[in-house]
Amino acid sequence: MMNWNRLCAMARKEMIQIRRDARSIGIVIAMPIVMMFAFGYGVSFDTKHIPVYVYDQEKSQQSQDFVKRFQASVYFNVVRTVTSYPELVRAIDKGDCQIGLVVPPDFSKKLRSGQKVSVQAIFDGTDSNSASLGMSYTEAVAQAHSQQLQLEWLQGRGQGQPRLPLSVDARTWFNENLESMVTIVPGVVAMVMAVVGTFLTSLTVAREWERGTMEQLISTPVTPLEIMLGKLAPYVMIGLADTSLCAVMGVWWFGVPFRGHIWVFLLSTLLFLVVVLSLGYFFSVVAKTQLAASQISLIATFLPAFLLSGFVYPIDQMPTVVRGITHVVPARYYMAILRNVFLKGSSVVTMWQDFVGLAIFAALLGLAATRVFRKKLA
């Protein structure tokens with residue numbers, strides 16, 4: 001039967017070790033803040049101010065009006081107008097620009113005669129994402145300019161403004177300005193918990209093995225379960241404090257909306273903490289050295305959480321095999337819950353599948369860590 005006095009004594013002992021370990025204190029305090037600023041400001045999927053070079057072969061008023069469309073857009077930055085095609089090619093080869101526009105010499109002549117005009121746009125495809133977005137933005141600007149010219153042409157002939165048979169009234173919910181930071185910052189909370197929680201607990205048992213104090217603990221009346229729970233209890237409080245700190249930074253510093261309920265957020269955080277702390281404890285028991293345990297924990301948590309949780313790459317766009325692998329990454333479920341809680345204000349009922357996934361991993365990893373620890377002490 002578990003004795004609460006012994007359990008509290010183990011938790012108190014672990015807190016003393018944490019206070020005496022400057023590295024642990026640095027990780028607890030500094031790492032969440034550093035990761036929030038690094039990912040919040042360093043990771044962005046917004047493509048703006050794309051450098052553009054222009055080769056205007058006509059240099060007429062009409063061609064300049066077309067170029068000014070790009071200058072007025074926040075997505076483009078017309079850096080320079082070149083005087084020859086080879087100069088434009090060299091600029092793209094050197095990486096001075098990502099888009100090269102070539103305006104034909106008969107641009108205004110064809111417009112006046114009502115003919116179709118083709119403007120060449122050359123994209124640097126070494127960055128496929130930027131090239132794809134730049135192509136979409138370029139087509140949108142060209143289409144808007146084309147509609148304006150068509151309207152002016154019809155009005156000049158007294159036909160009035162044309163009535164379009166179809167229009168799209170687009171409205172964006174939950175992220176009205178389509179800012180990538182709004183979706184990134186909630187995911188950073190999951191990244192912080194995955195890395196900090198697993199890394200800290202991966203050192204707890206390995207530290208005892210290295211210092212030779214594990215034998216002293218075994219010789220006491222404390223049971224393996226009391227040792228495990230006593231060692232993990234301080235990290236649960238630390239994890240909740242770090243998560244709260246990251247959430248407050250996300251809302252008050254980065255301006256991310258929080259539309260859900262606090263208790264839903266805390267419940268999901270508690271489940272995910274059980275997952276990462278059990279995983280770190282498992283590595284700590286198996287490795288027996290702090291260096292090996294910390295390296296294994298970072299590799300096993302950071303890379304899957306970064307690549308396979310939906311933090312960077314949308315899961316529904318991954319290959320079928322990779323999508324199947326993401327189901328065994330606990331951060332996937334916590335990431336989805338955080339974004340839904342922050343941006344949509346979803347309830348537990350709406351996200352029951354993600355909560356069930358976290359609960360299953362919490363139970364399995366908790367039992368695995370307990371069983372391995374008892375086996376090591378036997």
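The first residue of the sequence shown is numbered 1, and numbering continues consecutively from there.
Classified by interplanar angle (parallel below 30°, tilted 30° to 60°, perpendicular above 60°), the ring pair F265/F342 is perpendicular. Ring pair F311/F306 is tilted by interplanar angle, where 30° to 60° counts as tilted. A tilted orientation is assigned to the rings of F39 and F302, their planes being inclined by 30° to 60°. Ring orientation note: the planes of F70 and F76 are nearly perpendicular, at an angle over 60° on the 30°/60° scale. Using cut-offs of 30° and 60° on the angle between ring planes, the pair F66 and F107 is tilted.
Counting heavy atoms from C-beta outward, L266 and T243 have side chains that stay 4.5 Å or more apart. Proximity of I296 to F282: side-chain heavy atoms (C-beta onward) are nowhere separated by under 4.5 Å.
R332 places no side-chain N or O within donor-acceptor distance of the main-chain N or O of G310, the cut-off being under 3.5 Å.
The number of heavy-atom neighbours closer than 6.0 Å to NZ of K13, taken from other residues, nucleotides and ligands shown, is above 12. Heavy-atom contacts from other residues, nucleotides or ligands closer than 6.0 Å to CZ of R259 number more than 12.
Taking each heavy atom of P186 and M181 in turn, the nearest pair found is CD-O, 4.3 Å. Smallest separation of non-hydrogen atoms from S284 and T204: OG-N, 3.9 Å.
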In sequence, state the C-alpha distance, the side-chain angles, and the governing distance for E226 and N3, and then conclude on side chain to side chain donor-acceptor pair (under 3.5 Å). CA-CA 8 Å; E226 291 169 350; N3 186 294; 5.8 Å; no
Under the criterion side chain to side chain contact (heavy atoms under 4.5 Å, CB included), I'd like the reasoning laid out for L358 against I337: C-alpha separation, chi angles, the key distance, then a yes or no. CA-CA 10 Å; L358 277 182; I337 292 173; 3.8 Å; yes
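In summary, the aromatic rings of Y41 and F254 are positioned with their centroids under 6.0 Å apart.
Of the N and O atoms on the side chains of T350 and S347, at least one donor lies less than 3.5 Å from an acceptor on the other residue. A donor-acceptor contact under 3.5 angstrom links the side chains of Y235 and E14, judged on distance only.
Screening V182, N175, V251 for a side chain to side chain contact (heavy atoms under 4.5 Å, CB included) involving P257 leaves a single residue, V182.
Looking at K110 and E58, no side-chain N of the basic residue comes within less than 4.0 Å of a carboxylate O on the acidic one, giving no salt bridge.
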